[in-house]
Amino acid sequence: MRISPVTAAAIAFLAAQPPLAGQPPAADRTEATPLAIVGATIIDGNGGPPLADGTLLIEGNRITAVGPRASVEVPDGFHVIDGAGRYVTPGFIDTNVHLSLYSGHETLVRYQDRNAALTLEAAQMQLKHGFTTVRDSYGSLLPLMEVRDAIARGDTVGPRMLVAGNIVGWGGPWSVSFSVIRQQGLTLFQEQFNDFITQGSGEEWMEMEPEELRVAVNEYLDLGPDFIKYGGTGHFSNPVMIGFSPEAQRVMVEETHRRGLIAETHSTSPEGLWMSVRAGLDLIQHPEVLTKEMPDALVAEIVERGIVCSMLANTITGEAWERHLERRASAAEGSGDEGESRRREGLAKTSAELRAERRAEGEGMEIRRTNAEKLIAGGCVTTIGTDNYLGAAPEFRREKKLENQSFGLGSVIATEGLVELGMTPMEAITAVTRNGAIASGMLDELGTLEAGKYADVLVLGASPLEDIGNIRALEVVIRDGRIVDRDALPYERIFSTPGSGHAWE
């Protein structure tokens, strides 16, 4: 088989990397002890009534039995976890995180050689909060695959990772498609890092004919990503630029499906999203993030096609929404400020001024929340995709990072936010378990508590059905059949801070 130059470079990069720091304790590398959780209320992830006084058995890395305590016998040699007064759910899934370094000049220069270590730290913070599977939909593909594979081999502890690398068709952090930056006057470092992110899948894809694009998609998939995310539009709004023609989008989806993988998009205008939906894709990241309210017909088509909607619920609910309401009230109170009173009579406001006013009033936040509520009420297959991201190093920040996009805790906040957007607590749990597994293309293997599936299991000390906030009452995380030492995570703190266990500077 011909190996492309990009593939050869990736193989060389991975071969040259030192062993990943952060090894699990020796006890965690031994054969998993058979486990039994006895007497718990079991919420299996399918959305039906919970099973009171249930028993769940785990052998190796699989669930072997789930049922009423009276009908499930615990064999000799099993370690028994007393489930009385506790609630058991499948491990949670966040379908859109950004674990690796991918932007910020100062941070990249200082920490580029620690990209994999930072990726592991971020992944372990997700696991610490009960997210046993994560999908990384944009970032540094090579370090992401390094950490993914180290976890899969058992060399270190972390959530199951599915990674995409670049959002194909985008040109890296210093590009028009990603950050509205022309690739002129860049430093050599910036140009090289753009190439490191894209791995041959950058803006040049938008210039390709369909048959060229088929080849490019397969060469990128040969590198080893688990799914494809493509830029149906550019990254930002105003203006929203269409990234690929309908035919080009169909080609990318077809070639991805030919490999048995999930195809998803970032499309942030109604027209751009219509094109992506009709290309036959499987998942839309943050479908609520549009330039205007989503048409009812588009909601209906998304629902009819069964496309998964991965929502940024953490950024439009809870404290984020409360801050928006405060800003909106402040903006209304300041409408008669000195600048307005001194304005020349009869001078019409420019389109730029009007857009700035709408931004100040939080128009985008209100559109996003309205769209999220419409999609949920319409019956779309909803899950969370938080955009939890690494961002700048603590020493380069003027302010601490907000919790709602911190690793682990941001995913908890997103799950709670689904209830604020109209779901019941049971529906929210189903969203981050069963629906998350659908988004991962792994429903046959995880996402629900059923015999034969991977043993990714959470034990909670209070009922999440009475109060979704009780997902914070996390007592035990079982990942792939092993109890996780949550207190030991992350093994190496680089950007995260100790104390409460979740702060991220």
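- In this structure, F196 and F193 have tilted ring planes: the angle between them lies in the 30° to 60° band.
- In this model, a donor atom of one side chain and an acceptor atom of the other lie less than 3.5 Å apart for T448 and E450.
- Between E445 and R62 there is a salt bridge, since a side-chain N of the basic residue sits under 4.0 Å from a carboxylate O of the acidic one.
- Other residues, nucleotides and ligands contribute more than 12 heavy atoms inside 6.0 Å of the CD atom of E106.
- Checked by atom type and distance alone, the side chain of H235 never pairs as donor or acceptor with a backbone atom of S177 at under 3.5 Å.
- Considering only heavy atoms from C-beta on, R368 stays 4.5 Å or farther from E363 through its side chain.
- No option in T386, T383, D136, D387 other than D387 meets the side chain to side chain donor-acceptor pair (under 3.5 Å) test with N96.
- For the residue pair S100 and T119, no side-chain donor N or O sits within less than 3.5 Å of a side-chain acceptor on the partner.
- Remark: the backbone N or O of M161 is not paired with any side-chain donor or acceptor of R148 at under 3.5 angstrom.
- Judged by distance alone, with hydrogens and angles left aside, the side-chain atoms of T265 form a donor-acceptor pair with the main-chain N or O of Y230 at under 3.5 Å.
- The existence of a salt bridge linking R369 and E420 is confirmed by a sub-4.0 Å separation between a basic side-chain nitrogen and an acidic carboxylate oxygen.
- Side chain of T382 to backbone of C380: a donor-acceptor contact under 3.5 angstrom is found.
- Side chains of N115 and S140: a donor-acceptor N/O pair is present below 3.5 angstrom, by distance only.
- A donor-acceptor pair under 3.5 Å is absent between the side-chain atoms of N61 and the main chain of G481, judged by distance alone.
- Salt bridge R482/D456: absent, no basic N to carboxylate O contact under 4.0 Å.
- Between the side chains of E121 and S496, at least one donor N or O lies within less than 3.5 Å of an accepting N or O.
- Using a cut-off of 4.0 Å between Lys/Arg side-chain N and Asp/Glu carboxylate O, D94 and R135 are scored as not salt-bridged.
- Between H266 and W170, the angle of the ring planes goes over 60°, which puts this pair in the perpendicular group of the 30/60° scheme.
- A salt bridge links E475 to R86: one of the charged nitrogens lies within less than 4.0 Å of a carboxylate oxygen.
- For the pair R327 and E322, the salt-bridge criterion is not met [side-chain N within less than 4.0 Å of a carboxylate O].
- In this structure, a donor-acceptor pair under 3.5 Å is present between the side chains of N388 and Q126.
- Under a 3.5 Å cut-off, the side chain of Y454 and the backbone N or O of R479 do not form any donor-acceptor pair.
- Atom CG of D444 is surrounded by 12 or fewer heavy atoms from other residues, nucleotides or ligands within 6.0 Å.
- Between the side chain of T95 and the backbone N or O of I384 there is at least one donor-acceptor pair closer than 3.5 Å.
- Remark: side-chain polar atoms of H324 are not paired, donor with acceptor, to backbone N or O of A320 under 3.5 angstrom.
- With respect to I429, the side chain to side chain contact (heavy atoms under 4.5 Å, CB included) criterion is satisfied by exactly one of T415, L458, L465: L465.
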